[in-house]
**Q** 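To start, I am sharing the structure in question, which I have written as structure tokens.
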Amino acid sequence: MTYDNLKLTIDANIAVLEINRPKKLNALNRATIQELHEAFKSLKDNDEVRAIILTGTGEKAFVAGADISEFADYSVEEGKDLAAKGQETVFDYIANFPKPVIAAVNGFALGGGLELAMSAHIRVASDNAKMGLPETSLGVIPGYGGTQRLPQLVGKGRAFEMIMTAGMIDAETAKNYGLVNHATTQDELMELAQKITGKILRNSSQAIKAAIKAVNANDEDGVDGFKEEINAFGEAFGTSDFKEGTQAFLNKEKPKFS
């Protein structure tokens with residue numbers, strides 16, 4: 001598929017998906033959100049792809065936020081619909097994606113951009129990254145999961161401070177907060193993302209898919225995460241990857257997962 005606002009390359013089982021609106025600092029408009037959904041949907045069904053690296057074109061911005069001009073005149077109901085559809089089609093979709101998603105945060109990740117990065121399973125940031133949720137300075141609150149995912153990652157107190165002050169933090173602070181897994185230089189950002197992804201690809205895709213589901217179950221209301229883990233653990237015994245992994249271990253060989 002071809003996209004107006006994204007760039008997609010696939011190599012060695014890794015898809016690199018770039019938000020490609022550099023003149024707008026890769027801001028999310030409706031068209032980009034729709035293309036993100038279509039891209040991830042196609043990657044889900046692509047057996048060649050085992051992991052995705054999500055980033056922004058250029059060095060200035062991962063995603064500098066939402067395109068405010070599109071919703072400045074929205075009504076209450078339109079605002080609710082905007083948030084609901086965005087969460088369903090992109091942000092929650094990525095968070096529950098069955099293949100690992102690594103966000104490589106280069107430059108500004110603000111508002112919807114930080115929410116997009118938080119939807120990924122793993123985050124790495126370059127030393128020029130600036131992250132924040134500035135929505136309260138516009139008279140609104142984060143609407144793409146920011147009030148939910150940020151406290152889970154950094155704790156309630158820090159989340160309140162970031163949201164209430166509408167301020168930005170740098171990559172090192174984000175690392176200390178637990179918002180990103182690693183901070184590195186601009187030149188080494190994609191190399192680090194590729195290195196982490198390479199380590200992931202050595203392991204069972206079947207097991208990783210089950211692990212993503214089990215970890216996310218802990219955040220769902222009315223769902224017992226421990227029961228989800230027990231069920232997924234037991235079901236793993238019936239997979240081809242379990243047989244391959246255990247036999248390779250017993251034979252002191254490297255596994256060749258399907």
Side-chain angles (χ1 to χ4, degrees), residues 19 25-28 32-33 36 40 52-56 61-68 71 79-80 82-97 100-184 189 193 196 212 214-221 223 225:
I19 293 90
L25 296 180
N26 301 326
L28 296 177
T32 305
I33 287 176
L36 278 167
F40 271 96
I52 297 94
I53 297 174
L54 181 63
T55 192
F62 172 74
V63 171
D67 197 330
I68 298 168
F71 60 79
K80 289 180 180 180
L82 178 72
K85 285 183 177 177
Q87 289 194 36
E88 179 184 358
T89 60
V90 173
F91 299 86
D92 288 348
Y93 195 82
I94 292 172
N96 294 294
F97 202 68
V101 180
I102 295 88
V105 180
N106 46 320
F108 291 111
L110 303 175
L114 180 55
E115 289 170 305
L116 185 64
M118 289 192 293
S119 296
H121 305 122
I122 297 170
R123 284 156 296 283
V124 295
S126 60
D127 52 15
N128 74 322
K130 298 291 184 183
M131 287 160 269
L133 295 175
E135 285 87 348
T136 58
S137 69
L138 301 173
V140 70
I141 71 168
Y144 287 143
T147 64
Q148 306 304 301
R149 292 192 176 97
L150 187 61
Q152 293 170 359
L153 291 166
V154 307
K156 206 171 183 179
R158 283 174 171 159
F160 270 136
E161 182 177 354
M162 288 180 66
I163 293 168
M164 290 178 179
T165 64
M168 293 185 291
I169 61 173
D170 60 21
E172 196 60 35
T173 302
K175 178 185 172 184
N176 292 336
Y177 280 8
L179 182 54
V180 302
N181 298 61
H182 304 278
T184 188
L189 177 65
I196 293 169
I212 290 170
V215 170
N216 284 339
N218 190 53
D219 300 327
E220 296 180 31
D221 290 337
V223 176

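Computed from a predicted structure; not experimentally measured. Residues take their numbers from the sequence shown, with the count starting at 1.
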**Q** Quick one: do Asp92 and Ser119 satisfy side-chain hydrogen bond (donor to acceptor under 3.5 Å, both in side chains)? Show the steps, please.
**A** CA-CA 7 Å; Asp92 288 348; Ser119 296; over 6 Å; no
**Q** Would the distance check show the side chain of Thr89 and the main-chain N or O of Lys85 forming a donor-acceptor pair, the cut-off being under 3.5 Å?
**A**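 Confirmed, Thr89 side chain pairs with Lys85 backbone.
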**Q** Just verifying a value: how many Å separate Gln148 CD and Met118 CE, rounded to the nearest 0.5 Å?
**A** 10.0 Å
**Q** Can you tell me how far the CG atom of Leu179 sits from the CD1 atom of Ile169, to the nearest 0.5 Å?
**A**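 With rounding to 0.5 Å, CG (Leu179) is 5.0 Å from CD1 (Ile169).
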**Q** Specify whether Phe91 and Tyr144 have parallel, tilted or perpendicular ring planes, treating 30° as the upper limit for parallel and 60° as the lower limit for perpendicular.
**A**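 Ring orientation of Phe91 relative to Tyr144: parallel.
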**Q** Ring centres of Tyr93 and Phe40 under 6.0 Å apart?
**A** no
**Q** Are Asn128 and Phe108 side-chain neighbours, meaning at least one heavy-atom pair lies under 4.5 Å?
**A**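 Answer no - side chains too far apart.
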**Q** Is the number of heavy atoms from other residues, nucleotides or ligands under 6.0 Å of Gln87 CD greater than 12?
**A** yes
**Q** Using a 6.0 Å cut-off, check whether atom CD of Gln152 has over 12 heavy atoms from anything other than its own residue.
**A**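 Enclosed: over 12 neighbouring heavy atoms sit under 6.0 Å from CD of Gln152.
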**Q** Between Arg123 (side chain only) and Ala104 (backbone N and O only), is there a donor and an acceptor less than 3.5 Å apart?
**A** no
**Q** Decide whether Thr173 and Asn176 meet the rule of one side-chain donor and one side-chain acceptor closer than 3.5 Å.
**A**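 No donor-acceptor contact under 3.5 Å links the two side chains.
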**Q** Knowing that exactly one of Leu28, Leu110, Leu25 qualifies, which makes a side chain to side chain contact (heavy atoms under 4.5 Å, CB included) with Val63?
**A** Leu28
**Q** Can you measure from NZ (Lys175) to NE2 (His182) and round to the nearest 0.5 angstrom?
**A** 8.0 Å
**Q** Mark yes or no for whether Asn26, through its side chain, and Ala61, through its backbone, hold a donor-acceptor pair below 3.5 Å.
**A**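 Confirmed, Asn26 side chain pairs with Ala61 backbone.
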**Q** Run the side-chain contact (heavy atoms from CB on, under 4.5 Å) test on Phe71 and Ile68 for me, step by step, so that the C-alpha distance in whole Å, both residues' side-chain angles and the decisive distance to 0.1 Å come before the verdict.
**A** CA-CA 6 Å; Phe71 60 79; Ile68 298 168; 4.1 Å; yes
**Q** Are Val105 and Val124 close enough, and set up right, to give a side-chain contact (heavy atoms from CB on, under 4.5 Å), and what steps lead you there?
**A** CA-CA 6 Å; Val105 180; Val124 295; over 6 Å; no
**Q** Show the nearest heavy-atom pair for residues Ser137 and Ala166, with the distance to one decimal.
**A** CB-CB, 4.1 Å
**Q** Main chain of Gly56, side chain of Asn106: is a donor-acceptor contact present, judged purely on distance under 3.5 Å?
**A**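 Indeed, once roles are kept as given, a pair shorter than 3.5 Å links the two residues.
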**Q** So, taking the atom named CD1 in Ile141 and the one named OG1 in Thr136, what distance separates them when rounded to the nearest 0.5 Å?
**A**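 Ile141 CD1 to Thr136 OG1: 10.0 Å, rounded to 0.5 Å.
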**Q** Are any non-hydrogen side-chain atoms of Glu135 and Glu115 less than 4.5 angstrom apart?
**A** yes
**Q** Would you check if there is a donor-acceptor pair between the side chains of Asp127 and Thr184 at a distance under 3.5 Å?
**A** no
**Q** Mind listing the closest non-hydrogen atom pair of Gly225 and Ala217 along with its distance?
**A** CA-CB, 4.2 Å
**Q** Working to the nearest 0.5 Å, report the span between CG of Leu150 and CE of Met131.
**A** 11.0 Å
**Q** For His121 and Ala95, indicate whether the former's side chain and the latter's backbone hold a donor-acceptor pair under 3.5 Å.
**A**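 A pair under 3.5 Å: yes.
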**Q** For Ser126 and Gly107, which heavy atoms make the closest approach, and how far apart are they?
**A** OG-N, 3.8 Å
**Q** Quick check for you: to the nearest 0.5 Å, what is the distance between Leu116 atom CG and Arg149 atom CZ?
**A** 10.0 Å
**Q** Provide the closest heavy-atom pair for Gly113 versus Phe62 in the form atom of the first, atom of the second, distance.
**A** O-CE2, 3.3 Å
**Q** Measure across Pro151 and Gly146 and return the closest heavy-atom pair with its distance rounded to 0.1 Å.
**A** CD-O, 3.8 Å
**Q** Please name the pair of heavy atoms, one in Pro142 and one in Leu133, separated by the smallest distance, quoted to 0.1 Å.
**A**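 Reported closest heavy-atom pair: CG-CD1, 3.9 Å.
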